[in-house]
Amino acid sequence: MKFTAEQIAGILEGEVVGNPMAEVFRLSKIEEGAEGSLTFLSNPKYLNYIYTTKATVTIVNDTFVPESQITTTLIKVQDAYASFSKLLEFYNQVKLNKTGIEQPSFLSQSVKYGDNLYLGSFSYVGQNVVLGENVKIYPNCFLGDNVVVGDNVILFAGAKIYSETVIGKNCTIHSGAIIGADGFGFAPNPDGTYTKIPQIGNVIIEDNVDIGSCTTVDRATMGSTIIRKGVKLDNQIQIAHNVEIGENTVIAAQTGVAGSTKIGKNCMIGGQVGISGHLTIGNNVRIQAQSGVGRNIKDDEVLQGSPAFGYNDFSKSYVHFKNLPKIVAEIEELKKQILNQKNGKNG
């Protein structure tokens with residue numbers, strides 16, 4: 001897919017300085033620019049590269065004036081960084097704007113779907129599924145019976161959506177994610193074996209949610225596991241049955257949240273955090289990476305450690321912790337001095 005400098009300037013409302021018909025078909029960093037690539041310059045630290053880059057077209061601020069000869073065609077805009085970001089979004093929309101039903105794939109006769117559906121090959125869509133407008137389902141996806149998917153949702157290759165799951169509008173679910181698998185529910189028997197507890201609930205994902213690759217969200221035992229609007233989940237996260245995650249909370253990779261825990265709004269949870277079950281985590285909570293949470297957390301707390309406690313207390317305690325060998329040596333020396341003083345008095 002090729003674009004001319006003139007076409008790009010039209011999208012960005014910019015001015016071309018150089019060859020308006022210069023064509024680009026890929027994006028690059030300015031220091032790695034090659035023929036046919038488009039790049040940008042906004043950070044003064046990279047100014048020298050404008051004179052050596054081999055990129056065909058470069059987006060620059062409209063205040064930029066070259067001090068020596070350049071070979072790249074310029075597109076001058078008010079804010080080069082913002083314009084390049086806008087262009088990335090435009091490029092992504094064009095790249096992902098696939099439509100049609102590829103074969104082989106299976107689409108149940110009872111499925112209802114809106115305009116501009118894309119269904120990739122080797123995908124399966126079960127009975128009574130409802131798909132909104134502009135839904136993009138990439139190859140090798142599975143959608144079980146009675147799934148509902150809102151407008152403008154993207155399911156990347158290999159995503160698995162179990163039955164009864166409800167997905168809101170403008171959501172992105174990346175490759176390998178599994179939504180709606182059984183929660184981890186087993187009852188112990190007197191003989192040491194376990195009996196599986198049926199998991200008859202579902203998963204509800206509200207609007208504007210992003211779910212990373214290989215992340216799993218388990219269906220509820222009864223009721224719903226709920227991911228509220230605006231939540232962002234990184235790769236390789238485990239969300240257990242009946243968990244609820246509040247609006248605009250973000251969680252980094254390899255975090256695990258055990259069953260029936262409720263997490264509030266606008267929380268930020270670092271990587272490899274472990275959160276026990278049946279807890280309530282307040283709003284605006286910050287949990288540092290590799291923390292272990294085993295108690296309820298009030299609004300606005302900042303935690304670190306395992307088990308996690310107040311961030312400021314943890315930082316102060318860690319200063320002493322890393323000096324423990326020195327502190328122990330000093331204590332031993334004091335004990336010797338006290339002992340010697342006692343022996344001297346006794347003598």
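Given the structure is predicted, the values throughout are model-derived calculations rather than measurements.
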Taking side chain as C-beta onward, heavy atoms only, is S68 less than 4.5 Å from Y51? yes
Under the side chain to side chain contact (heavy atoms under 4.5 Å, CB included) rule, what do I269 and I275 come out as? Steps first, then yes or no, please. CA-CA 10 Å; I269 299 174; I275 301 177; 4.1 Å; yes
Any donor-acceptor N/O pair, K136 side chain to N116 backbone, under 3.5 Å: yes
Those residues at least two apart in sequence (or on a different chain) that pass side-chain hydrogen bond (donor to acceptor under 3.5 Å, both in side chains) with S28 are S37
Has the side chain of T261 got a donor or acceptor atom that lies under 3.5 Å from a matching backbone atom of H278? yes
N/O donor-acceptor pair under 3.5 Å between N134 side chain and D151 backbone: no
Test side chain to side chain contact (heavy atoms under 4.5 Å, CB included) applied to Y49 and L41, step by step: CA-CA 9 Å; Y49 289 111; L41 172 66; over 6 Å; no
Looking only at heavy atoms, which two atoms of N266 and R286 are closest? And how far apart? O-NH1, 2.9 Å
Residues T225 and H241: side-chain donor-acceptor under 3.5 angstrom: no
Can you confirm whether V129 sits close enough to D145 that some side-chain heavy atom of one is under 4.5 Å from a side-chain heavy atom of the other? no
Pair listing, salt bridge (Lys or Arg N to Asp or Glu O under 4.0 Å) test, anchored in residues 246-269, at least two apart: none
Can you tell me if S110 uses its side chain to pair, donor with acceptor, with the backbone of N128 under 3.5 Å? yes
T56 vs E35, test: side chain to side chain donor-acceptor pair (under 3.5 Å). Steps then yes/no. CA-CA 5 Å; T56 300; E35 186 176 347; 5.9 Å; no
Heavy-atom side-chain contact between N189 and T195 under 4.5 Å: yes
Looking at side-chain heavy atoms only, is the closest gap between P104 and F122 below 4.5 Å? yes
Quick one: salt bridge (Lys or Arg N to Asp or Glu O under 4.0 Å) pairs with a partner in residues 180-205, sequence neighbours left out? D182-K196
Are E133 and Y113 linked by a side-chain donor-acceptor pair shorter than 3.5 Å? no
My understanding is that only residues two or more places apart in sequence, or in another chain, count here; which of them pass side-chain hydrogen bond (donor to acceptor under 3.5 Å, both in side chains) with E244? R228
Go through the structure and list residues passing salt bridge (charged side-chain N to carboxylate O under 4.0 Å, His left out) with K232, not counting sequence neighbours. D210
Please report the shortest heavy-atom distance between C267 and G282, naming the atom on each side. SG-O, 3.1 Å
One should read off an interatomic distance between T73 OG1 and I59 CD1, to the nearest 0.5 angstrom, of 12.0 Å
Rounded at 0.5 Å granularity, tell me how far CD1 in I50 sits from OG1 in T72. 6.0 Å
No-hydrogen, no-angle side-chain donor-acceptor test under 3.5 Å, N146 and E164: yes
Heavy-atom donor-acceptor pair, E301 side chain to K298 backbone, under 3.5 Å: yes
Measure from the side-chain N and O atoms of S276 to the backbone N and O of R295, and report whether any donor-acceptor pair falls under 3.5 Å. no
Could you tell me which residues satisfy ring-ring contact (aromatic ring centres under 6.0 Å, His included) with F156, sequence neighbours excluded, listed by chain and number? Y138, H174
Answer yes or no: are there more than 12 heavy-atom neighbours, outside E13 itself, under 6.0 Å from its atom CD? no
Quick test of your reading of the model: are E31 and K54 salt-bridged, counting only N-O distances below 4.0 Å? no
Identify the two heavy atoms, one from S163 and one from R219, that lie closest to each other, and give their separation to 0.1 Å. O-NH2, 3.1 Å
So S42 and F40, side chain to side chain contact (heavy atoms under 4.5 Å, CB included) or not? Walk me through it. CA-CA 7 Å; S42 65; F40 76 106; 3.5 Å; yes
Between the main-chain N or O of Q238 and the side-chain N or O of T216, is there a donor-acceptor pair closer than 3.5 Å? no
Which residues satisfy the ring-ring contact (aromatic ring centres under 6.0 Å, His included) test with Y124, sequence neighbours excluded? F106, F142
So which heavy atom on I204 is nearest to which on S224, and how close? CD1-OG, 3.5 Å
Quick one, N235 and I237 - any side-chain contact, counting heavy atoms below 4.5 Å? no
Out of curiosity, T58 OG1 to I70 CD1, how far, rounded to the nearest 0.5 Å? 7.5 Å
Do D207 and N170 have side-chain atoms, one donor and one acceptor, less than 3.5 Å apart? no
Does any part of the side chain of V125, heavy atoms only, come nearer than 4.5 Å to the side chain of L119, both counted from C-beta? yes
Counting distance only, does the side-chain N/O of Q7 pair as donor-acceptor with the main-chain N or O of T4 below 3.5 Å? yes
Suppose we screen for ring-ring contact (aromatic ring centres under 6.0 Å, His included). Which residues come up paired with F90, at least two apart in sequence or across chains? none
Across all chains, not counting sequence neighbours, the salt bridge (charged side-chain N to carboxylate O under 4.0 Å, His left out) partners of E332 are K335
For residues 38-49, the salt bridge (Lys or Arg N to Asp or Glu O under 4.0 Å) pairs (sequence neighbours left out) are none
Separation of E23 CD from F3 CZ (nearest 0.5 Å): 11.0 Å
Please find the pair of heavy atoms, one from A22 and one from V57, that lie closest to each other, and give the distance. CB-CG2, 4.1 Å
If I take atom OG from residue S123 and atom CG from residue L143, how far apart are they, to the nearest 0.5 angstrom? 8.0 Å
Output all residues satisfying salt bridge (charged side-chain N to carboxylate O under 4.0 Å, His left out) with K112, sequence neighbours left out; order by chain, then residue number. none
Side-chain donor/acceptor of S260 to backbone N/O of N242, under 3.5 Å: no
So ring pair (Phe, Tyr, Trp, His ring centres under 6.0 Å) across residues 193-226, not counting sequence neighbours, yields none
Nearest 0.5 Å please: distance from the CG atom of L155 over to the OG atom of S175. 10.0 Å
Donor-acceptor under 3.5 Å (S121 side chain, N140 main chain): no
Taking all atoms of both residues into account, what is the closest heavy-atom pair of I205 and C171, and its distance? CG2-SG, 4.1 Å
Other residues, nucleotides and ligands only: do more than 12 of their heavy atoms fall within 6.0 Å of CZ on F25? yes
Is the gap between the ring centers of F186 and F184 under 6.0 Å? yes
